[in-house]
Each structure stands twice: as C-alpha cells, then as structure tokens.
Amino acid sequence: NAGVTQTPKFQVLKTGQSMTLQCAQDMNHEYMSWYRQDPGMGLRLIHYSVGAGITDQGEVPNGYNVSRSTTEDFPLRLLSAAPSQTSVYFCASSYSEIAVEQYFGPGTRLTVT
Amino acid sequence: QQQVKQSPQSLIVQKGGISIINCAYENTAFDYFPWYQQFPGKGPALLIAIRPDVSEKKEGRFTISFNKSAKQFSLHIMDSQPGDSATYFCAASYDDYKLSFGAGTTVTVRA
C-alpha cells in the first residue's frame, strides 16, 4: 500500500492564481481531511469528508474548496491564491471506526508570492 | 485562538534523559487525546493516545499522564535517544474525526 499520497511536493504560485492540491489514499478509509501547518500554530483543519459526496468545513476553510467524488481522492482547491496561504498542506485519512488515528501524507509546501 | 496550548516550544535533552511536554485544554467536550510525532519533511504520525477515563498510558519509553480535573496532559519520553529528535504535537478530538492540535514542541536529543 502506498498509504496517503500528495502531489505536488512543492509549488510556487503568484497572487490570484488558482490550483489544486491532490490527495489520494489506497486504504479504503472513509474519513479524509486537509490541514495546514504554520510555524507556531500547529496543524489547523481546513476541510474534511466523512465519505464520498460528503464534505464539511473545518477551522480555517476560507479561500479553499473541496469535493469528494470517490473514496480514494480528496483534492483541495485554492480559488485565488493569497500570500496568507503560504503554508505546508497535509492530507490525512482514517478508518471510520478509529477516526482519531489519522494517517498523514508527506505534505505539499506552497509558496504564494 | 488555539484550543490546545502546548509548552515548551522547544527543548534540548541529553541522551538518556527525560523529555517532558505539557498540554492544556479548556473544552470539556474533548474526549480523546493523541500525540503525534513529526520528523523533518514528513507528515505527522500517531505516537500514543489516551482517553480521559485513564490517568496514565505507557507504550515503551513513551508515557502520557492525564489530569482531567486540571484539564492537562503531558508526554514523557524516558531514556531519550537521538532518534527521538523530532517535533511532537499534542491534540484533542471531539466528534471523533476533528483534531485540534497544539503548536508543537521541537525536541533535540544530544548524544
């Protein structure tokens, strides 16, 4: 199993550009989440999904969109990138029964200039 | 405003020493308290977790102590090794799948 995979590993965007961060898992997990990690802030929940077709907002959802058309994939879309979105983004997934044990991907480091 | 406050921000310990990281929370709805370990360039990985009906949990050299009345919990790393050098995050969950993380503690173990 590859676990949780994320692409790209690094990305530089200009202010106002849009892009999609990809996340996929091959563990048949129901729950998937997106977090951003900033120095001194820990990880903050952006959006999450409890299953295909079901998504909801986390702690810091503004400026981001998600969709979940399959169990495996959970892309994160930045609609109009801003410097405040410079961060490291992590995707995570977990079993429905033991949802607190989340498996994290390797992260995407995004810089917005 | 972070719901879980973690300290210290960083610590340095000699090989064989004890590392102690503390966390505090306010939301009494939290019902699960995991600790995650993160190495540079990697995603966090679950290290150990505890529920509030237990005061202590030990797995190998890692121990969580939990004080429900004080709303505090801590991670103790016994006999610290250079391979334990990493960033440690405490977290708390409600609604099972929503995690609130502390700010993280960078632990450096000197050989």
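Quick caveat: nothing in here was measured; it's all calculated off a predicted structure. Numbered from 1 within each chain, the chains take letters A, B, ... in sequence-line order.
Heavy-atom pairs under 4.5 Å with chain B were tallied for A:G58, A:G42, A:G107; the largest tally goes to A:G42. Interface check for chain A: of the options B:G104, B:A103, B:A49, the most heavy-atom pairs under 4.5 Å are formed by B:A103.
For A:R44, the CZ atom counts as densely surrounded, since its 6.0 Å shell holds more than 12 non-hydrogen atoms of other residues, nucleotides or ligands. The number of heavy-atom neighbours closer than 6.0 Å to CD of B:E59, taken from other residues, nucleotides and ligands shown, is above 12. In B:R61, the CZ atom is crowded: over 12 heavy atoms of neighbouring residues, nucleotides or ligands sit closer than 6.0 Å. Remark: B:K57 NZ is packed, more than 12 non-hydrogen atoms of other residues, nucleotides or ligands lying under 6.0 Å away. Within 6.0 Å of atom CD in B:E26, 12 or fewer heavy atoms from other residues, nucleotides or ligands are found, so the atom counts as exposed in its surroundings.
With values rounded to the nearest 0.5 angstrom, A:Q37 atom CD is found 9.0 Å from B:F101 atom CZ. Atoms CZ and CG, on A:F104 and B:L46 in that order, are 9.5 Å from each other to the nearest 0.5 Å.
Using a 4.5 Å cut-off between heavy atoms, B:Q6 makes no contact with chain A at all.
The hydrophobic cluster containing B:W35 also contains B:V54, counting ILVMFWY residues as joined when their side-chain heavy atoms lie under 4.5 angstrom apart, directly or transitively.
Heavy-atom minimum distance, B:G43 versus A:F90: CA-CE2, 3.4 Å.
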Notebook entry, point to check: Can A:L43 and B:Y36 be said to form a side-chain contact (heavy atoms from CB on, under 4.5 Å), step by step?
Noted result: CA-CA 11 Å; A:L43 290 91; B:Y36 280 78; over 6 Å; no
